[in-house]
Amino acid sequence: ETGVTQTPRHLVMGMTNKKSLKCEQHLGHNAMYWYKQSAKKPLELMFVYSLEERVENNSVPSRFSPECPNSSHLFLHLHTLQPEDSALYLCASSRTQGSMNTEAFFGQGTRLTVV
Amino acid sequence: LAKTTQPISMDSYEGQEVNITCSHNNIATNDYITWYQQFPSQGPRFIIQGYKTKVTNEVASLFIPADRKSSTLSLPRVSLSDTAVYYCLVGPRMDSSYKLIFGSGTRLLVRP
């Protein structure tokens, strides 16, 4: 148990569906991340939120829409996805203290299958 | 961010010491070296971080030579449960927009 909780753990959705992934941490962290990991590929950084502001958007298609309502919660809203978007989606959090950043803690991930 | 190079895979046997080396020739003065472990279908887990010389914790040791152009993660007496992918990351710790960029990692297989 890392203190970062992702729900759901598994999700199957059609290409016309709208769904959301949720990430929650109560570690006192103020930076949160979304990663995508496709089969046999490295983790790809998608979004970074620091102090609830998006500070990184790695050219992610607009069918992925992040939301960070507060420092403890992070969402990834999904709509009109493609089969190639099937992957493990991982959330992580870390703490920034001034200009320092601690190591990141990852959730268990959401296994997404787009049919 | 400095590029890292690791072996794609390694094999070992239970009880052996495993050393995984990572090359980072372009490491910057303010970069730290961090290692993560990832099991299948789980998120990566922090193992160890260092800047120079040697760092040891209850899980592993990290050896960093004086020129810091490489580092070696040492896992003492591995068990089957150490089978995982190990990632070496290099980046500034003193950075408020710290981005964790993962490479391909080293896939370690521990055999009985």
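Chain letters run A, B, ... following the sequence lines, proteins first, then strands; residues in each count from 1.
- Grouping the Ile, Leu, Val, Met, Phe, Trp and Tyr side chains by contacts below 4.5 angstrom, directly or via other members, places A/Leu45 apart from A/Leu74.
- Using a 4.5 Å cut-off between side-chain heavy atoms of Ile, Leu, Val, Met, Phe, Trp and Tyr, with links allowed through other members, A/Leu112 and A/Met46 fall into the same hydrophobic cluster.
- For A/Gln6, no part sits under 4.5 Å from any heavy atom of chain B, backbone or side chain.
- In the displayed structure, B/Phe39 atom CZ is contacted under 6.0 Å by more than 12 heavy atoms of other residues, nucleotides or ligands.
- In plain terms, the two heavy atoms of B/Gly103 and A/Pro42 that are nearest each other are O-CB, 3.2 Å.
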*Derivation of the ring-ring contact (aromatic ring centres under 6.0 Å, His included) call for A/Phe106 and B/Phe46*: CA-CA 9 Å; A/Phe106 283 79; B/Phe46 171 87; over 10 Å; no

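- Contact record, A/Ala104 with B/Tyr36: N-OH, 3.0 Å, taken as the closest heavy-atom pair.
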*Which is it for B/Ser41 and A/Arg111 under the side-chain hydrogen bond (donor to acceptor under 3.5 Å, both in side chains) test, yes or no, and what are the steps along the way?*
CA-CA 8 Å; B/Ser41 297; A/Arg111 173 70 62 187; 3.1 Å; yes

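- Residue B/Gln38 holds its CD atom at 7.5 Å from CG of A/Leu88, rounded to the nearest 0.5 Å.
- If you chain together hydrophobic residues whose side chains sit under 4.5 Å apart, A/Tyr33 and A/Leu43 fall into the same group.
- Hydrophobic clustering (side-chain heavy atoms under 4.5 Å, transitive across Ile, Leu, Val, Met, Phe, Trp, Tyr) groups A/Met15 together with A/Phe64.
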